[in-house]
Amino acid sequence: MAESAPQARAEPHPSSGGPILDAATRERLGRELQILYDPVLDEQLDPRLAALLTQLDEDRKSVRETRRSAARR
C-alpha cells in the first residue's frame with residue numbers, strides 16, 4: 001500500500017488569528033520551493049527586463065537625491 005504524504009497542519013497564529021504551518025511543513029515547503037526555483041536563478045535575464053530594472057534603480061536614486069536636496073533647504 002502506498003504511503004500518503006503527511007498533511008500540513010494549520011494552527012491559528014496567536015497574534016493575528018490567521019493560520020500558520022507547523023515547522024516540518026514549513027521546512028518541506030521551503031525545500032520544494034528551492035528545488036523548483038533553483039534552475040530559474042541560473043537563467044539569463046531578458047535584456048529588455050535588465051534595462052528596465054537598471055532604469056528603475058536610476059529613477060529611485062534620482063528621487064532619493066531630490067528628497068535629500070529638498071530636506072537640506
Side-chain angles (χ1 to χ4, degrees):
M1 185 195 262
E3 195 174 310
S4 63
Q7 295 294 318
R9 292 184 15 221
E11 300 169 0
H13 191 275
S15 63
S16 69
I20 59 169
L21 299 175
D22 61 17
T25 301
R26 288 193 308 271
E27 288 182 27
R28 189 184 82 239
L29 181 58
R31 284 190 306 271
E32 290 178 13
L33 287 171
Q34 187 171 11
I35 289 167
L36 179 67
Y37 285 109
D38 269 348
V40 175
L41 295 175
D42 295 330
E43 291 180 11
Q44 189 172 12
L45 192 60
D46 183 297
R48 295 171 295 175
L49 182 55
L52 286 171
L53 290 171
T54 299
Q55 183 62 48
L56 178 61
D57 284 341
E58 290 171 3
D59 291 349
R60 286 180 175 167
K61 288 176 188 175
S62 176
V63 167
R64 279 195 299 266
E65 288 302 316
T66 301
R67 288 181 180 163
R68 285 182 189 149
S69 295
R72 288 185 215 144
R73 293 181 194 168

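Residue numbers count from 1 along this sequence. The structure presented is a predicted model; accordingly, all values stated were derived computationally and were not measured. As a basis for the values below, the full set of heavy atoms in this structure was taken, side chains included, without hydrogen atoms, waters or symmetry mates.
With sequence neighbours excluded, the residues forming a side chain to side chain donor-acceptor pair (under 3.5 Å) with Gln55 are Asp59, listed by chain and number. Under the rule for a salt bridge (Lys or Arg N to Asp or Glu O under 4.0 Å), the partners of Arg48 that lie at least two apart in sequence or sit in another chain are Asp46. Partners of Arg60 according to the salt bridge (Lys or Arg N to Asp or Glu O under 4.0 Å) rule, which considers only residues two or more places apart in sequence or in another chain, do not exist here. Remark: Asp38 pairs with Gln34, Leu41 by the side chain to side chain contact (heavy atoms under 4.5 Å, CB included) rule, at least two apart or across chains. For Glu58, there are no salt bridge (Lys or Arg N to Asp or Glu O under 4.0 Å) partners at least two apart in sequence or on another chain. Looking at residues two or more places apart in sequence or on another chain, you find no side chain to side chain donor-acceptor pair (under 3.5 Å) involving Asp57. Partners of Glu32 by salt bridge (Lys or Arg N to Asp or Glu O under 4.0 Å), not counting sequence neighbours, listed by chain and number: Arg28. By the side chain to side chain contact (heavy atoms under 4.5 Å, CB included) test, Leu52 is found to be paired with no residue, residues two or more places apart in sequence or in another chain being considered. Every side chain to side chain contact (heavy atoms under 4.5 Å, CB included) that Arg68 has, sequence neighbours left out, goes to Arg64, Glu65, Arg72. Scored by the side chain to side chain contact (heavy atoms under 4.5 Å, CB included) test, Val40 finds Tyr37, Glu43 as partners (sequence neighbours excluded).
If you take CG on Leu21 and CD on Glu27, they are separated by 12.0 Å, rounding to the nearest 0.5 Å.
Residues Leu36 and Leu29 are members of one and the same hydrophobic cluster, defined by side-chain heavy-atom contacts under 4.5 angstrom among Ile, Leu, Val, Met, Phe, Trp and Tyr.
Residues Leu45, Leu53 make up the rest of the hydrophobic cluster containing Leu49, defined by ILVMFWY side-chain heavy atoms closer than 4.5 Å, directly or through other members.
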